[in-house]
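These notes concern the structure reproduced below.
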Amino acid sequence: MQNLLHNLNEEQLAAVTLPAQSALILAGAGSGKTRVLTTRIAWLIQTGQVSPSGILAVTFTNKAAKEMLTRLSAMLPINTRGMWIGTFHGLCNRLLRTHHRDAALPQTFQILDTQDQLSAIKRLLKAQNVDDEKFPPKDVMYFINGAKDQGLRAHDIEPYNADERKKVELYQLYDDQCQREGVVDFAELLLRTYELLSRNQPLREHYQQRFQHILVDEFQDTNDLQYKWLKLLSGHGGQQGGVLFAVGDDDQSIYAFRGANVGNMSAFEREFNVKNLIKLEQNYRSHGHILDAANVLIANNSKRLGKNLRTDAGHGEQLRVYEANSDLSEASWIIEETKNLIHDGASRSEIAVLYRSNAQSRVIEHALFSAGIPYHVYGGLRYFQRAEVKHAIAYLQLMDNPHNDSAFLRVVNFPARGIGVRSIETLQAAADQYRVSLYAAVPYVTGKAGTSLAGFVKLIEGTRFETQQMALPELVRIVLEQSTLLSHYATEKEGADRIENLEQMVSAATQFLSEEGYGQGAPAHLGPQAQASSGTAVVNEDGFEILDADAPLATVMSPLSAFLSHASLEAGDNQATIGQEAVQMMTVHSAKGLEFNNVFITGLEEGLFPHESSSREHDGVEEERRLMYVAITRARQRLYLSFAQTRMLHGQTRYNMKSRFFEELPEDALKWLTPKVQQSWFGGRKSAWDEAPLVGSDNAIAQKFAAKAISTGGGWRIGESVAHAKFGEGVIVNIEGSGNNARAQINFGAAGMKVLDLSIAKLDRI
DNA sequence: GTTACTTGCTTTTTT
DNA sequence: AGCAAGTAAC
C-alpha cells in the first residue's frame, strides 16, 4: 500500500484516493495522468473497495488500454486478462457478442472498418440510383457517422431540406443493408450497445450493479454518444450505478473534427454534480522555457477550464526558431541539426520531427534518406489494411458469414476467375428480387455467369468443409492456398512482399490465440455453445437469465470470429518497424501521448499550421492552437520551430506567412537562429524577395523567384493586392511566364480564382 | 475481361 | 506531385 502511493505528489495522491464520488481530473500534459488512473484502480482493489470485476476502464486506443494493463499487472499480483479494460469499441464488441440475440445481431456479426463502410455505401448508392455527384459517398458516410455519434437513428432526424431528407432515407437504407448482411460499422458498435442497454432493463441493471467504478481516459475526446453511454452505465439519474472517474485535458482536445465534444467535460461537471475537481498541474516532462511557451500560447484560447503547468526543472534552453527559404532548405536544416544532435550523443529515437499534415513528410523523408539517417514514419498503411491482407480477411469472413456482401464482392473475382461486372449485375438483380444476400442468390443465376458463380460458392463451401475441425492458424493457411491468393501473387513481379505479408497472417493467428487465451488447438469454427459452461450464468431477481460478458472472449466468440474482430478493431502496427534506432516522424495528432528529448515542429506557416481549413470552422483556430500546444509539450529538453517562405504543396508553389503562433509565444523563450523579421505580405515590410541577400545557405530558389517576379511586366508581385473592373479586389497568388506571356493567378475572393494575362488585363494596385 | 490512360482530390485519425 | 479510382480502348 505504501508502495503504491509512494512517490505521488499531493495532487496525484488526492486524485488516487478520492472517495467513491464522481470526479473530474484535469490532467495537464506530462502530469502523470496514466499513472494516476492505474494507481487509482490498484488502490481501489488493494483497499478492498472493489473487486477487479467491478472495474470498468475505458480508453480510446488499444495502445492506451495495453499500457494500462501492463502497468496494472506490475502494481498488483492479479490476472488482468479478465478485467474490463479496453477501448469503447472493444468493450462494446464484447457486450454485443455475448448478448447478440438481445441486440438482434447474428453471433458472427462482422465489423466494417472505414474502407469497408465506404464501399458498402457506394454499393448502396448505386443500387438506389443515387447521383453520386450530388451525394458523394464520403458525404453520406460523414452524415451517417455524425448522426450515430450523436446517438441518432434515421427516424430521430428531422430533415430541414430535400437533400437532407434524402440523406436520412439513405441512412435508413444503409442500416437495413448492414442488418441484412450481418455487419456493423464502428459507430454502430457503440450505438447498438447503447440501445441494447437502454431498452433492456435487467441487462442494464446487471451491468450497472456490476461496474462500481467506471474510469475514463482522455475524456475530452468523448463524443456525445460515448458520454451518453457512460451516463447510462454509471446509472446517472438512477439510484444504482457506478462512480464515474474521468480524466482529461481540455487543452489537448484535438479531435473535434471527428465528433469529439469538449463540452462533455463541463456537462459532466454539471450533470454529475462533481465536487471533486482536481487539477494536475505539476509537469514532469519539459524544461521551463518549453512549458512557458505552451502556457502562454494556450492562454490565447477563450474556452478553457483553466490550468497552468509548472515544473521544478530549470528554464533549460530556449526554443530555437528557424526561417527557411524553402521547404527544401527547411529539410536540410533539420538534417544538419539532427546530425549535430546525434553527434552530441542524442539517441535517434529521441528525436521527433512533427508536421501538421502528412503531405509535408515527403521532403523531410527524402532529405533524411539522402543523408543516410535512419527514420521511421508513423501513419502509413497498417498491416490489416493492406490490400492483399484485406483480400485474405474477406475470404476468412466468408468462412464465418457468407452473407457479408462486402466481403463477397471484394474477392468473388479476385484472383480473376471470369466473373465480371455483367455477372455481378445479374447476381445483384437476383439478390434484390429474392431479398437475399449475393451469396444466397447465386443459385438463381443461370447460364455461363451462373456456372462461374457456382464455382466460387463451391470453393467457399469446400474450404469451409475442409477446415471444419482445424485450428485457426491452419485454417488461415488453407484459405490462403485455396483462394489461390498465394499463387496469384507468385506470378506478379511485385508480389514477393505481398506473399510475405500473407504468410505473416498465419503467425499473426498463432500469436492471437495465445494472447487471447484460446487453446492453440481449438477448432477455429467451434461455436460458443460448446463452451457455454465456462461463462457466468446469472439469474437476477426478475428471473432473467443473463450470461455475463465476463469470461474470456472464447466463451462468446469462435476463434475465427474473434480473430476477425481483432483485425478490424486493431488494424495492427504501422508498417514493419525499422530495427535500427530511428528518427521519429509523425503528424502532431499522432504525437499526442508521446514524448521526446528533442522535437522539431516544422511548417509553422499560416495556412498550414494553423491549417487554412480551420478558419472556416467554428473555433477552428482554437483547435489548431491546442494542436500546437500538444506539439510543444511533447518536448523534454530541446524544441525547434521552423517555417519556410516557399513550399511545394500539391504540385503548386505556395508562399505562406509565418504562423500567427509565433506572435503568441513569449519572446524571451525564443531564440531566433535566423534574424526575426516583421514579415508580412500585405502591407508592412515588403515581401522577403526584396531583401537580398537572403539568410540561409540555400537561397537560390528564392532569388530565382525574386528575379522572376520583378521581371514580369509591370512589376507585379505575388501577394500584391489588385483591383479589377469586373472581378473586384483580389490578391495575386502566383505568376507564370514573363514579358508579354506573363499570366497571374489572382484570388478575387467571392468572384473566385482567375488566371489573367498581365499584358491584357487591366489591373490597378490598391 | 483486362489493361492503359485520364480525372480528381488532397487536414488531422481511431476504432 | 502523387495516388486512387473511374473510364475508354484493347
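Heavy atoms only: backbone and side chains are in, while hydrogens, waters and symmetry mates are out. Naming convention: chains lettered A, B, ... in sequence-line order (proteins, then strands); numbering from 1 in each chain.
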Legend entry - Single hit among A/R654, A/H611, A/R647 for side chain to side chain donor-acceptor pair (under 3.5 Å) with A/E605: A/R647
Using a 4.0 Å heavy-atom cut-off, does [X] contact any base of the nucleic acid, only the sugar-phosphate backbone, or nothing at all?
X	result
A/N358	sugar-phosphate
A/D185	nothing
A/A571	nothing
A/F88	nothing
A/S613	base
A/V421	sugar-phosphate
A/S568	nothing
A/R362	sugar-phosphate
A/I419	sugar-phosphate

Measure the distance from [atom1] on [X] to [atom2] on [N] and round it to the nearest whole Å.
X	N	atom1	atom2	answer
A/R654	B/dT11	CZ	P	11 Å
A/L225	B/dT15	CG	C1'	13 Å
A/K126	C/dA5	NZ	P	13 Å
A/E133	C/dT7	CD	C1'	14 Å
A/K122	C/dG6	NZ	C1'	10 Å
A/D139	B/dT10	CG	P	10 Å
A/L328	C/dA1	CG	C1'	13 Å
A/R386	C/dA4	CZ	P	13 Å

Just N and O in the side chain of [X]: are any of them under 4.0 Å from OP1 or OP2 of [N]?
X	N	answer
A/T587	B/dT13	yes
A/N413	B/dG1	no
A/R382	B/dT15	yes

Legend entry - Side-chain donor-acceptor pair present, A/Y378, A/Q584, cut-off under 3.5 Å: yes
Inset, instruction - Would you tell me whether A/E181 and A/Q179 have side-chain atoms, one donor and one acceptor, within less than 3.5 Å of each other? - result: no
Inset, instruction - Kindly say whether A/E622 contributes a backbone atom to a donor-acceptor pair with the side chain of A/N301 at under 3.5 angstrom? - result: yes
Inset, instruction - With the side chain of A/T87 defined as its heavy atoms from C-beta on, choose the nearest nucleotide among B/dT11, B/dT15, B/dT13. - result: B/dT15
Legend entry - Candidates B/dT2, B/dT15, B/dT13 - which lies nearest the side chain of A/T114: B/dT15
Inset, instruction - Give a yes/no verdict on base stacking between B/dT12 and A/F257: centres under 5.5 Å, planes within less than 30° of parallel. - result: yes
Inset, instruction - Could you check whether A/H611 and the base of B/dT11 form a stacked pair, meaning centres closer than 5.5 Å and planes differing by less than 30°? - result: yes
Legend entry - Salt-bridge present (A/E570, A/K66; N to O < 4.0 Å): yes
Inset, instruction - Answer with yes or no after comparing the ring centroid distance for A/H589 and A/F257 against a 6.0 Å cut-off, counting only values under it. - result: yes
Inset, instruction - Examine A/F662 together with A/F643 and report whether their ring centres are nearer than 6.0 Å. - result: yes
Inset, instruction - Hey, which sits more toward the 5' end of DNA chain B by its nearest nucleotide, A/D113 or A/S614? - result: A/S614
Inset, instruction - Map A/G90 and A/L627 onto DNA chain B by nearest heavy atom, then report which one ends up closer to the 5' terminus. - result: A/L627
Legend entry - Base B/dT13 paired with A/S590 side chain (donor-acceptor, <3.5 Å): no
